[in-house]
Structures are given as structure tokens and as C-alpha cells.
2 protein chains.
Amino acid sequence: MEKLTVLVVDDEKEIRDAIEIYLQNEGVEVIKAKDGMEALERIKQTEVHLIILDVMMPKLDGIAATYKIRVEKNIPIIMLSAKNEDTDKILGLQVGADDYVTKPFNPMELVARVKSQLRRYVSFGTYEDKQKVIDLHGLTVDIHAKAVAVNGESIKLTPIEYKIVELLSSHAGRVFSIHEIYEKVWKEPCYNAENTVAVHIRKIREKIEVDAKNPRYVKVVWGLGYKMEK
Amino acid sequence: MEKLTVLVVDDEKEIRDAIEIYLQNEGVEVIKAKDGMEALERIKQTEVHLIILDVMMPKLDGIAATYKIRVEKNIPIIMLSAKNEDTDKILGLQVGADDYVTKPFNPMELVARVKSQLRRYVSFGTYEDKQKVIDLHGLTVDIHAKAVAVNGESIKLTPIEYKIVELLSSHAGRVFSIHEIYEKVWKEPCYNAENTVAVHIRKIREKIEVDAKNPRYVKVVWGLGYKMEK
DNA sequence: AAAAAATATTAAGAAAGTTTTAAGAATTAA
DNA sequence: TTAATTCTTAAAACTTTCTTAATATTTTTT
């Protein structure tokens with residue numbers, strides 16, 4: 001199985017480093033963040049499979065961070081809290097963490113919990129590591145390799161083209177408005193950029209369609225947007 | 001089997017010598033160091049198969065030493081700690097060890113733990129039986145030896161270069177964005193460090209590619225990141 | 001059928017991303 | 001300590017991609 005990545009979020013460097021060593025020994029990839037804000041950035045940029053989060057942190061505490069993370073992704077979260085902190089309260093709040101460990105903790109126990117959560121997540125969870133390749137009538141999109149092929153023949157797309165194809169393909173059949181496409185791909189508000197998207201669609205068709213004038217894959221839904229044929 | 005070597009690190013001479021005698025009786029080679037600094041030097045000079053390390057030491061304490069040792073090699077570490085020392089502190093310091101023994105200890109018990117760890121290490125541990133070697137069209141990455149070779153010829157990489165090669169190679173074909181590479185290798189958020197990664201990529205190519213301008217191994221995927229050719 | 005609205009096409013200049021060098025900082029070895 | 005290696009930063013050259021704007025085409029509405 002592919003290496004899994006755990007994000008460790010704690011404001012104390014010693015704790016971050018300690019946890020890192022333990023987890024690395026178990027063969028998981030570790031990345032670190034020192035507060036909730038930083039954690040949010042990291043999960044946007046890197047694929048993370050589990051988060052270990054201290055409850056008490058500057059910037060964005062564990063509970064608030066959990067909340068925001070859940071909006072983005074549904075990956076397991078293990079919370080760390082000092083024993084003297086109001087554990088009952090934390091538990092009672094049903095913050096949405098999948099497990100809790102109180103500090104000071106036995107390292108082996110934390111490792112065990114991490115492995116248990118990862119096992120659950122991988123085996124039956126929201127996680128599909130299975131190559132992540134979308135296939136639609138001969139159009140193939142490999143999410144990890146960021147590679148597209150038509151009938152086995154690989155197609156060279158530019159970054160924006162690729163992102164559009166990935167977006168449409170991973171929700172084949174669903175119609176995306178030009179605004180939606182722009183916002184999801186560029187990650188900024190769309191303002192007078194409709195034509196820009198259209199030009200990219202044109203280029204994509206040029207590359208993946210047999211006949212760009214009669215597209216089989218990227219279809220327009222007049223007045224509403226574009227979709228990838230399911 | 002060849003004779004195995006154990007490094008004993010403790011600031012008290014009596015303890016070092018006592019352990020030495022017990023272990024020599026069991027037929028293992030013993031070398032000694034009186035603090036973490038000295039231990040690091042020894043490891044570089046001699047091939048060591050296990051380390052016995054006191055938690056409390058001058059110069060470089062147990063955890064700091066463990067951390068540094070782990071970066072270099074993944075050999076088993078047994079930690080010694082006094083019972084009367086502040087438990088919480090010890091808990092933190094013990095991090096990263098494979099086993100713990102509290103002082104005063106029963107010599108036979110320590111010997112037993114040493115043998116057990118060595119057995120694990122040698123038989124199926126990190127030693128060399130578990131040959132994790134990645135081979136990609138002549139590029140060879142030995143994960144445990146942290147060694148890279150091209151067509152049998154060994155290549156000398158710096159630590160960061162090695163980590164990047166390992167990351168890309170162990171997921172050959174998968175595209176890693178510069179941010180992802182930075183975060184996974186440096187273990188900290190990437191901001192404005194894109195060019196740093198690029199320079200390292202350059203250096204890597206200089207070393208492992210026949211023609212750095214036309215790389216066969218480390219390929220760029222324009223606008224998305226880098227990948228190792230599968 | 002004509003007008004209006006939405007989408008398609010084209011090409012050239014602008015922008016963004018990558019590669020490469022080199023020099024100075026920082027780290028590590030001796 | 002000094003020396004050597006490794007890492008980071010900055011700048012420039014270079015490559016690829018994106019955007020813009022003007023125009024054409026298609027579809028819908030009137």
C-alpha cells in the first residue's frame with residue numbers, strides 16, 4: 001500500500017517532533033503545523049490521511065480547526081488534550097474528533113490509535129487509494145499522474161486544461177457553469193472571465209475530441225454550462 | 001553470522017563498563033561513548049547494530065541523540081532511565097526508542113532485551129533482509145541504505161536530494177507539486193521556497209541524469225509539479 | 001426572419017512557470 | 001577553530017501557457 005500521510009498540529013515543537021519520530025518508525029509520512037491556521041493551509045496543498053490536533057493552540061484552536069477541516073475533508077482526527085483541561089467538556093461538545101488522547105500520553109498508545117484510525121479509514125473509509133483513474137468511454141484521467149489519455153493515447157494538456165478536465169470528469173454528467181468552473185479551477189472569483197474559460201474548453205476539445213465541432217466528451221449545455229459526457 | 005556491535009552511551013563509567021562485560025559474555029562487540037555527541041561520532045565511524053542510551057546525559061540528551069541517530073540510520077535504540085527522575089519528563093525524552101529499561105536494572109533483563117532487539121533487527125528488521133530497493137530503468141534507490149545508483153554506479157546525494165529522490169521514486173509516476181515536495185521533505189509549510197526546490201531538482205538531475213537538459217528520470221509536468229518516470 | 005444572447009474561434013501580446021548560475025549563509029566535518 | 005560541504009536566495013534566461021479582444025458561429029427569443 002502507498003505511504004499514508006499524517007499531519008501533526010501542535011504549538012509545542014518538542015511534541016510535534018516526538019510524534020513525528022514515532023510515526024516515521026511506523027512507516028507513515030509526517031508533515032507538521034504549529035497551529036490551526038497553518039494546518040488548514042497544509043491540507044489544501046497536500047493529501048493528508050489523518051490529523052493529530054492539539055486542543056489548545058494559538059491562532060485557531062483544535063475545536064475550531066476540526067470544524068473547518070471537516071468542511072473541507074472527512075479524514076480522521078485525533079485530538080490531544082492536557083489532562084487538566086476540561087476533558088468532559090471537550091468530550092461533551094462532540095467536537096467531531098474520531099479519538100482523544102490526553103497528555104502526557106504513552107507514545108505507543110498514540111501510535112496504536114493512529115494505526116487503528118488509519119486502518120479504519122483506508123479499509124472502509126472515505127478513502128480510495130485505488131489508483132484513482134477515471135475512465136469515460138475511452139477518456140482516461142489519472143488523478144495521481146495528472147495524465148489524460150484517449151483510447152490509450154496520451155494527451156498533453158496544460159495545467160489549466162488538466163484541472164478543467166479533472167473537474168468535469170470526476171463529476172461526469174454534472175453541468176458546471178462557467179463561473180463555477182472558473183472559481184473551482186482558478187480558486188478566485190470569476191469576473192468577466194467567461195471567455196477565458198471558453199477558450200480553454202476550445203483547446204481541450206482540440207486535443208481530446210476526434211472532431212472538435214462535434215464533441216463527444218465535453219458537451220455544452222446551452223445557457224447553463226459544460227459537462228463531461230457520462 | 002558476523003559479530004554484532006552494540007554502542008553503549010552513558011555518562012557514568014561504571015555503568016558503561018558493567019554493561020560491556022555482560023554483553024561481551026554474550027558474544028557481542030561493545031563500543032562505548034560518554035555522551036550523545038561522542039555517540040554520533042562513533043556511529044559515523046563504526047558500523048553499529050544497536051544502541052543503549054541513557055536518557056539523562058550532558059552534551060546531548062537521549063532524545064536529541066535519538067533524533068539525530070534516526071536521521072542517519074534506523075538501528076534499534078534501548079533507553080535507560082532512572083526510576084526517580086521526573087516521569088513526565090522521561091516520557092517525553094524516551095520518544096523514539098524501541099525499548100526502555102529503568103535503572104537500577106537487572107543485567108540479565110537488559111541482556112535479554114538487547115538480544116531480542118538484535119534478533120528483530122537482523123532477522124526481519126531494518127538490517128538488510130528487508131530489501132526495500134526501488135528500481136526504475138536503471139535508477140536504483142535503496143531505502144534502508146539511503147543509497148542511490150544509476151546503472152550500478154553509486155551516486156552521492158546530499159540529505160535533501162536523497163529525500164526528494166526517495167519521495168518521487170517511491171511513488172513513481174505520481175506528480176508532486178513543489179509545495180507537496182517541500183512539505184514532505186522539509187516537514188514545514190512552504191512559503192516562497194518554490195525556487196529552493198527547483199534548485200535541488202537541478203542538482204539531482206545533474207547527478208542522476210545523463211543529460212540534465214533532457215531528463216529521463218525526473219520529469220517536470222508543467223504547472224503541476226515533478227514526477228519520477230515510472 | 002431578424003435580433004439578441006450564448007458559445008466558438010483565432011492569434012498575438014502578456015503572464016506564469018521552469019531552468020540555470022552564482023554567490024553568500026548555514027550547517028557539518030575535521 | 002578552520003575547512004568543506006550543503007542549502008538558500010536572487011536574478012536572469014528561457015519555455016510554456018494564459019488572457020484578451022476582435023470576429024464568427026450557433027442557438028434562442030421575439
Side-chain angles (χ1 to χ4, degrees), chain A residues 146 155-165 175-182 185-188 190-209 211-215 217-227, chain B residues 36-45 59-60 64-65 67-69 71-72 146 155-165 175-182 185-209 211-215 217-227:
Chain A
K146 309 235 178 285
I155 305 283
K156 198 181 160 214
L157 296 180
T158 70
I160 289 186
E161 285 160 17
Y162 172 79
K163 286 178 193 162
I164 293 176
V165 169
V175 178
F176 290 83
S177 76
I178 286 185
H179 275 79
E180 221 174 338
I181 292 173
Y182 192 89
V185 169
W186 276 257
K187 301 205 193 298
E188 53 184 75
C190 172
Y191 171 83
N192 282 6
E194 291 81 2
N195 185 236
T196 304
V197 174
V199 172
H200 285 292
I201 294 285
R202 172 73 196 12
K203 291 285 191 183
I204 291 169
R205 282 176 174 158
E206 211 167 57
K207 291 177 179 178
I208 70 173
E209 302 285 359
D211 174 13
K213 310 262 177 182
N214 285 58
Y217 296 120
V218 181
K219 295 270 180 76
V220 64
V221 181
W222 206 273
L224 295 177
Y226 298 94
K227 70 169 181 182
Chain B
M37 286 300 202
E38 220 177 279
L40 283 175
E41 282 172 30
R42 294 311 179 69
I43 291 168
K44 275 170 200 157
Q45 288 158 357
K59 289 276 180 73
L60 195 68
Y67 191 81
K68 296 213 168 194
I69 291 165
V71 173
E72 299 274 337
K146 295 187 199 274
I155 304 282
K156 198 186 161 210
L157 296 180
T158 70
I160 289 185
E161 285 161 14
Y162 173 78
K163 283 182 200 160
I164 294 176
V165 169
V175 176
F176 290 84
S177 75
I178 288 184
H179 275 81
E180 227 169 332
I181 293 174
Y182 192 89
V185 169
W186 277 257
K187 315 272 181 207
E188 51 184 74
C190 170
Y191 69 0
N192 288 7
E194 291 81 1
N195 187 236
T196 303
V197 175
V199 172
H200 284 290
I201 294 285
R202 174 79 201 356
K203 293 285 190 182
I204 291 169
R205 283 176 173 158
E206 217 165 53
K207 292 178 179 179
I208 71 174
E209 302 284 358
D211 174 13
K213 310 260 177 181
N214 287 59
Y217 297 119
V218 181
K219 295 272 180 76
V220 65
V221 179
W222 204 276
L224 296 175
Y226 296 95
K227 70 171 179 182

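Reckoned from all heavy atoms, side chains included, excluding hydrogens, waters and symmetry mates. Chain A is the first sequence line, chain B the second, and so forth, proteins listed ahead of strands; every chain is numbered from 1. Just so we're clear, the structure is a prediction, and the values are computed from it rather than from any experiment.
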(request) Specify the residue among A:R202 and A:P159 whose closest nucleotide of DNA chain C lies further upstream toward the 5′ end. (result)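 Mapping each residue to its closest nucleotide by heavy atoms, the 5'-most match is A:R202.
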Provide, to the nearest angstrom, the distance between the [atom1] atom belonging to [X] and the [atom2] atom belonging to [N].
X: B:E188; N: D:dT8; atom1: CD; atom2: C1'; value: 12 Å
X: B:N192; N: C:dG17; atom1: CG; atom2: C1'; value: 15 Å
X: A:Y162; N: C:dA16; atom1: OH; atom2: C1'; value: 20 Å
X: B:W222; N: C:dT19; atom1: CH2; atom2: C1'; value: 8 Å
X: A:K156; N: D:dT15; atom1: NZ; atom2: P; value: 13 Å
X: B:I178; N: D:dT8; atom1: CD1; atom2: P; value: 14 Å
X: A:I181; N: D:dT19; atom1: CD1; atom2: P; value: 13 Å
X: A:L224; N: C:dT7; atom1: CG; atom2: C1'; value: 13 Å

Out of [options], whichever nucleotide has its closest atom nearest the side chain of [X]:
X: B:H200; options: C:dT18, D:dT8, C:dT20; value: D:dT8
X: B:V220; options: D:dT19, C:dT7, C:dT18; value: C:dT18
X: A:E206; options: C:dT10, D:dT15, D:dT6; value: C:dT10

(request) Ignoring backbone atoms, establish whether B:W186 has a side-chain N or O less than 4.0 Å from OP1 or OP2 of D:dC7. (result)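 Negative; the distance criterion is not met.
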(request) Kindly indicate, with the supporting measurements, whether the criterion side-chain contact (heavy atoms from CB on, under 4.5 Å) is fulfilled by A:H179 and A:E194. (result) CA-CA 7 Å; A:H179 275 79; A:E194 291 81 2; 3.1 Å; yes
(message) Testing A:Y162, A:Y182, A:W186 one by one against A:H200 for a ring pair (Phe, Tyr, Trp, His ring centres under 6.0 Å), which residue passes?
(response)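 Only one of A:Y162, A:Y182, A:W186 forms a ring pair (Phe, Tyr, Trp, His ring centres under 6.0 Å) with A:H200, namely A:W186.
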(message) For B:K207, is the NZ atom crowded, meaning more than 12 foreign heavy atoms sit under 6.0 Å from it?
(response)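 Result for NZ/B:K207: enclosed.
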(message) Could you check whether atom NZ of B:K203 has more than 12 heavy atoms from other residues, nucleotides or ligands sitting under 6.0 Å from it?
(response)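 It does not: B:K203 NZ has 12 such atoms or fewer within range.
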With a non-hydrogen cut-off below 4.0 angstrom, is [X] in contact with a base, only sugar-phosphate, or nothing?
X: A:K213; answer: sugar-phosphate
X: A:I201; answer: nothing
X: A:T158; answer: sugar-phosphate
X: A:N195; answer: base
X: A:Y226; answer: sugar-phosphate
X: A:K203; answer: nothing

(message) Please compare B:V199 and A:V199 by the position of their nearest nucleotide in DNA chain D and report the one closer to 5'.
(response)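 In this pair, the answer is B:V199.
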(request) For the pair A:E209 (side chain) and A:N214 (backbone), establish whether a donor and an acceptor sit closer than 3.5 Å, ignoring hydrogens and angles. (result)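 A pair under 3.5 Å: no.
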